[in-house]
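This report concerns only the one structure given below.
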Amino acid sequence: MIKIDLHVHSYYSDGSDSPEQVLNVAEEEGVKLLSLTDHNFINPESEHLKKNKTNNIDILQGIEISCIDRTSNKSIHMLGYSKSFNIKGINDALISTLDGYNNRAKNIINKLNSEYNCNFDFGKIKSEIKSVFVSRNLIAEKLVGFLGNNISIKEALKKVFIEGEDDSWMIGVEEAIGIIKNNGGKAFLAHPGNLIDKIDFDSFLKRLKDSGLDGIEVYYPKHTPGTVAFLEETSEKFGLVKSAGSDFHGKRYSSFLPGIYVKDDVYHNFLKLF
């Protein structure tokens with residue numbers, strides 16, 4: 001068994017820790033292969049991490065693209081991995097997505113200001129962070145502080161949303177796959193366990209594979225043993241490579257640490273793609 005983690009986040013999106021801190025804790029946990037997959041943006045330190053890997057851990061560049069399947073109208077997250085992404089190409093292709101998330105944040109902030117009279121200012125919040133967009137995690141954290149730490153982040157997140165939100169700005173799932181593939185990467189469906197009972201999963205996967213999907217995130221903390229078994233069988237049926245990720249968002253936001261044990265053949269079959 002080998003411990004890997006192909007799904008972690010830093011403060012360049014909605015995580016709490018720097019890329020170096022994420023790398024350090026992953027190494028402490030014995031992770032042998034790591035990919036930093038910030039949302040909709042490849043941070044400028046990813047190349048630095050790749051070139052300055054330690055003797056104990058290998059690094060793949062990564063990204064997690066937020067998108068939507070217009071056929072089922074379901075929110076989808078698409079993971080991308082590469083040894084050498086065209087970083088500018090990906091980041092340029094996702095500018096409209098980042099704009100959409102920042103506009104959503106402004107709307108959420110206006111809602112909270114109206115409901116709680118908290119006088120949050122988007123520009124001030126944005127100036128205080130490394131991320132290129134203001135995340136719901138961060139707004140929830142601000143709300144917790146404003147309310148005197150009398151609610152949890154989890155409770156605050158239930159308040160940090162817009163009812164009937166317009167999603168017309170989100171890119172389609174096929175486009176997300178294309179952005180990854182056209183810029184030197186491999187595309188993997190993130191945490192698919194939450195989709196299995198909500199859509200015609202086989203038809204969905206066939207459509208995505210026809211668009212270039214390379215694999216699926218089979219091993220994920222919230223997947224039950226039954227879900228894992230189903231996804232293992234499904235990945236083999238469709239000829240898709242298996243991956244594993246914790247979705248670690250830093251010590252402030254996650255109650256677990258990076259790293260998932262996988263069988264040696266899962267590890268080696270994944271690496272064969274690169």
Side-chain angles (χ1 to χ4, degrees), residues 5-23 34-53 58-69 75-106 122-123 125-139 167-191 208 211-215 217 243 245 247-250 273-274:
D5 203 327
L6 302 167
H7 189 168
V8 297
H9 299 280
S10 78
Y11 59 29
Y12 280 104
S13 61
D14 58 349
S16 64
D17 301 342
S18 71
E20 286 87 352
Q21 288 172 319
V22 174
L23 175 62
L34 182 76
S35 185
L36 186 65
T37 55
D38 280 320
H39 290 282
N40 309 307
F41 178 71
I42 299 181
N43 73 74
E45 295 183 38
S46 63
E47 189 69 15
H48 166 78
L49 290 181
K50 185 164 73 76
K51 287 180 178 177
N52 292 278
K53 68 173 187 175
D58 286 318
I59 306 294
L60 273 180
Q61 291 177 334
I63 191 167
E64 184 174 14
I65 298 179
S66 307
C67 52
I68 192 166
D69 177 34
S75 175
I76 307 294
H77 285 180
M78 190 62 57
L79 292 159
Y81 306 109
S82 180
K83 281 189 172 182
S84 184
F85 266 130
N86 175 2
I87 294 176
K88 186 179 186 304
I90 285 188
N91 286 345
D92 285 351
L94 294 172
I95 288 174
S96 63
T97 298
L98 296 176
D99 288 343
Y101 273 103
N102 279 325
N103 286 331
R104 182 185 74 170
K106 292 174 184 176
F122 173 84
I125 293 173
K126 179 70 171 61
S127 71
E128 297 170 345
I129 60 176
K130 297 282 190 179
S131 173
V132 291
F133 69 96
V134 174
S135 70
R136 288 179 65 243
N137 278 352
L138 180 60
I139 300 173
D167 60 14
S168 61
W169 52 271
M170 295 190 73
I171 64 172
V173 62
E174 292 89 354
E175 184 180 353
I177 293 172
I179 289 171
I180 291 168
K181 304 284 284 190
N182 293 336
N183 288 283
K186 303 295 183 182
F188 279 67
L189 178 63
H191 38 67
L208 264 57
S211 296
L213 185 71
D214 296 288
E217 189 175 50
S243 70
D247 212 355
F248 178 68
H249 279 74
L273 286 176
F274 305 95

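For this chain, numbers begin at 1 and follow the sequence in order.
- Contact record, Cys67 with Met170: O-CE, 3.4 Å, taken as the closest heavy-atom pair.
- Listed for the Ser82 side chain is a donor-acceptor partner under 3.5 Å among the backbone atoms of Gly184.
- Taking His249 as the reference, His9 meet the ring pair (Phe, Tyr, Trp, His ring centres under 6.0 Å) condition, with sequence neighbours excluded.
- In this structure, Ser243 OG and Leu189 CG are separated by 9.0 Å, a value rounded to the nearest 0.5 Å.
- Summarising the geometry, atom OG belonging to Ser135 is positioned 7.0 Å from atom CD1 belonging to Ile129; distances are rounded to the nearest 0.5 Å.
- Evaluation of the side-chain hydrogen bond (donor to acceptor under 3.5 Å, both in side chains) rule for Asn86 yields Asn183 as partners, not counting sequence neighbours.
- Phe122 meets the ring pair (Phe, Tyr, Trp, His ring centres under 6.0 Å) test with no other residue; sequence neighbours excluded.
- Listed by chain and number, the residues in a salt bridge (Lys or Arg N to Asp or Glu O under 4.0 Å) with Lys186 amount to none (sequence neighbours excluded).
- Residues Pro19 and Tyr11 share a closest heavy-atom pair of CD-CE1, 3.9 Å.
- Not counting sequence neighbours, the partners of Tyr81 by the ring pair (Phe, Tyr, Trp, His ring centres under 6.0 Å) test are Phe188, Phe270.
- Contact check for Ile63 versus Ile42: side-chain heavy atoms found under the 4.5 Å cut-off.
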Would Ile90 and Ile179 satisfy side chain to side chain contact (heavy atoms under 4.5 Å, CB included), going step by step from the backbone distance to the final call? CA-CA 6 Å; Ile90 285 188; Ile179 289 171; 4.2 Å; yes
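- Taking CG of Asn137 as the start and CG of Asp14 as the end, the distance is 5.0 Å to the nearest 0.5 Å.
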Take Lys181 and Asp214 through the test side chain to side chain contact (heavy atoms under 4.5 Å, CB included) and record every step on the way to the result. CA-CA 10 Å; Lys181 304 284 284 190; Asp214 296 288; 2.9 Å; yes
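- When all heavy atoms of Gly212 and Ile177 are compared, the closest pair comes out as C-CG2, 3.9 Å.
- Contact annotation: the side chain of His39 approaches that of Phe133 to within less than 4.5 Å [non-hydrogen atoms, C-beta and beyond].
- No donor-acceptor contact under 3.5 angstrom links the side chains of His191 and Glu217, judged on distance only.
- Residues Ser66 and Thr97 come closest through the heavy atom pair O-CG2, 4.3 Å.
- Atom OG of Ser131 and atom CG of Asn102 lie 7.5 Å apart (nearest 0.5 Å).
- The list of salt bridge (charged side-chain N to carboxylate O under 4.0 Å, His left out) pairs with a residue in residues 170-179, not counting sequence neighbours, reads Glu174-Arg207.
- Residues forming a ring pair (Phe, Tyr, Trp, His ring centres under 6.0 Å) with Phe248 (at least two apart in sequence, or on another chain): none.
- In terms of the salt bridge (Lys or Arg N to Asp or Glu O under 4.0 Å) criterion, Asp5 has no residue partners (sequence neighbours excluded).
- Pairing each heavy atom of Glu64 with each of Ala190, the nearest pair is OE2-CB, 3.9 Å.
- A donor-acceptor distance shorter than 3.5 angstrom exists from the side chain of Lys83 to the backbone of Phe274, with no hydrogens or angles considered.
- Partners of Asp167 under the salt bridge (Lys or Arg N to Asp or Glu O under 4.0 Å) rule, at least two apart in sequence or in another chain, are Arg70.
- Phe41 contributes atom CZ, which lies 10.5 Å from atom CG of Leu94 (distance to the nearest 0.5 angstrom).
- Listed by chain and number, the residues in a side-chain contact (heavy atoms from CB on, under 4.5 Å) with Ser16 are Arg252, Tyr253 (sequence neighbours excluded).
- Although no hydrogens or angles enter the test, the distance criterion places no donor-acceptor pair under 3.5 Å between the side chain of Ser75 and the main chain of Ile68.
- For the atom pair Ser96 OG and Ile171 CD1, the distance stands at 7.0 Å (nearest 0.5 Å).
- Taking 4.5 Å as the limit, every side-chain heavy atom of Leu79 sits out of range of all side-chain heavy atoms of Leu6.
- Applying the salt bridge (charged side-chain N to carboxylate O under 4.0 Å, His left out) test to residues at least two apart or on different chains, the pairs with a partner in residues 85-96 are Lys88-Asp92.
- Not counting sequence neighbours, the partners of Asp38 by the side-chain hydrogen bond (donor to acceptor under 3.5 Å, both in side chains) test are Ser10, Ser13, Asn43.
- Two residues are said to be in side-chain contact when any heavy atoms from C-beta on lie closer than 4.5 Å; Arg136 and Ile139 fail this criterion.
- Taking each heavy atom of Ile65 and Asn40 in turn, the nearest pair found is CA-OD1, 3.4 Å.
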